[in-house]
Enquirer: 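Pasting a structure here, questions to come.
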Amino acid sequence: MSLFQALGATFGVIGAASFVSNALFCFLLFKKPALLKKPHNILLLTLATIDMMSGVVIFATPLFEITKDPFLVGPTGYIFCYLFANSFLVFLLSKASILTVMLLAMERWFSVIRPFTYKLFFTRKKLLKYVGCIFILSALVHIYKLFEIKFKNNTCVFDPNIFDKRGQQAFVLSKVIITFVIPTLITWASFVQIWYRIKTSPTLIGLTEQAQAQQRLLLRMCAITAAVLTGCWLPSQTVYVLNYFGVVQHLSIWNKMFLILSMSNSIVNPWIYFLSNKEYRNEFFSLYFICKKTARVSPVIPEIDTKMEQMQNVQ
């Protein structure tokens, strides 16, 4: 097996595992609609949907050594060139995933630090607007890829030099700052402030120890998700910038290795949810037992609302 075949097989496993694991998590959320009444679960569903779509797109993107440029004619050829061959769609989804994790961190920040305005900023309608803005921003940042390629004579022709050298450096640095550095800093600034303020948060005052512990576990799950995302994407984004500034040599094999690491992020998120959250875990095991046709299904322990949410639910 050649190196490129091994890379293609690796990305194929990543794509399949990403699709299956995230599809399973989406199914569990839809299986219990009560979970989707909570904003953080809607954001987790959004993140899982994005990662699931990324798993599918990997198979159609030549960058991942699975699909080579086929002979296509008509509209199909244009769709392949302008969405897949130039990696536009896969990186749009990847950066949308990073921005969604940032939004999840902000949702947790409002829940703990600003509970009195939490319901105002995180209604279902506003969440849909936030997600829409994430996709629009991701598309605008990567729209340049549509000008790097043309569909001629039934094949994709690349012309990546749409900027001069200094223009490329400025653009690449700006893109990484907007789509990775700023979202990552906002994410970790939110979690750090929550960590120092959680003991005096109005959200937890008056709750039982079990309810407080559950809120901390939810916060820990979100923080682990952010930590894994940062660890998976930091190497590839760093090398990507340094390469354009001539600090490191362009080594395709290392780029592929870092690309494997960044793409693998879409696999692990659902398993973080299952391992960190008892409710998701019980739903997963209940599905397993149903499939096995056993007589007993693990009980589901409902997520406990904060005191403010309980009062609002009563009203």
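Just so it is clear, the structure is predicted and the values come from calculations on it, not from any experiment.
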Enquirer: Please write out which residues are connected to L128 in a hydrophobic cluster, directly or through intermediates, given that two of Ile, Leu, Val, Met, Phe, Trp, Tyr count as joined at side-chain heavy-atom separations below 4.5 angstrom.
Expert: none
Enquirer: How long is the straight-line distance from OH of Y244 back to CD of Q168, given to the nearest 0.5 Å?
Expert: 5.5 Å
Enquirer: Return the minimal non-hydrogen interatomic distance between A105 and I194, and the atom names on each side.
Expert: O-CD1, 4.4 Å
Enquirer: May I have the step-by-step check of side chain to side chain contact (heavy atoms under 4.5 Å, CB included) for V112 and L219, ending in yes or no?
Expert: CA-CA 10 Å; V112 175; L219 175 62; 5.6 Å; no
Enquirer: Within the structure provided, determine whether F191 and C222 are in side-chain contact (heavy-atom separation under 4.5 Å).
Expert: yes
Enquirer: Measure the spacing between NZ of K38 and CG of L29 and express it to the nearest 0.5 Å.
Expert: 13.0 Å
Enquirer: Apply side-chain contact (heavy atoms from CB on, under 4.5 Å) to A96 and list each qualifying residue two or more places apart in sequence or on a separate chain.
Expert: I50, I134, F135, S138
Enquirer: Identify the heavy atoms of F80 and C156 that sit nearest to each other, and give their distance.
Expert: CD2-SG, 4.0 Å
Enquirer: Could you tell me which non-hydrogen atom of L43 sits nearest to which non-hydrogen atom of E107, and how far apart they are?
Expert: CD1-CB, 3.8 Å
Enquirer: How far does OG of S97 sit from CZ of F91, to the nearest 0.5 angstrom?
Expert: 13.0 Å
Enquirer: Check whether any side-chain heavy atom of I224 sits under 4.5 Å from a side-chain heavy atom of R220, and report yes or no.
Expert: yes
Enquirer: Determine the sole option in I177, L99, I178 for which the side chain to side chain contact (heavy atoms under 4.5 Å, CB included) test with P183 is passed.
Expert: L99
Enquirer: Would Y118 and F110 count as a close aromatic pair, with their ring centres under 6.0 Å?
Expert: no
Enquirer: Tell me, please, which residues at least two apart from V20 pass side-chain contact (heavy atoms from CB on, under 4.5 Å).
Expert: none
Enquirer: Using side-chain heavy atoms (C-beta onward) and a distance below 4.5 Å, is V241 in contact with K175?
Expert: no
Enquirer: Quick one: CG on L89 to CG on L83, what's the gap to the nearest 0.5 Å?
Expert: 6.0 Å
Enquirer: My understanding is that only residues two or more places apart in sequence, or in another chain, count here; which of them pass ring-ring contact (aromatic ring centres under 6.0 Å, His included) with F258?
Expert: none
Enquirer: Please collect all side chain to side chain donor-acceptor pair (under 3.5 Å) contacts where either partner lies in residues 222-237, sequence neighbours excluded, each pair once.
Expert: K95-Q237, W188-T230
Enquirer: If you link ILVMFWY side chains whenever their heavy atoms are less than 4.5 Å apart, which other residues fall into the same cluster as L140? By chain and number, please.
Expert: I136
Enquirer: How far does CZ of F11 sit from OG of S264, to the nearest 0.5 angstrom?
Expert: 9.5 Å
Enquirer: Verify whether the ring centers belonging to Y280 and F274 lie closer than 6.0 Å.
Expert: no
Enquirer: Verify the distance criterion only: is there a donor paired with an acceptor across the side chains of K145 and Y82 at less than 3.5 Å?
Expert: no
Enquirer: Indicate yes or no: at least one non-hydrogen side-chain atom of M102 is less than 4.5 angstrom from one of T187.
Expert: yes
Enquirer: Using side-chain heavy atoms (C-beta onward) and a distance below 4.5 Å, is I149 in contact with F88?
Expert: no
Enquirer: In sequence, state the C-alpha distance, the side-chain angles, and the governing distance for N269 and D51, and then conclude on side-chain hydrogen bond (donor to acceptor under 3.5 Å, both in side chains).
Expert: CA-CA 9 Å; N269 285 338; D51 290 341; 3.1 Å; yes
Enquirer: Quick one: CG on L47 to CG on L103, what's the gap to the nearest 0.5 Å?
Expert: 10.5 Å
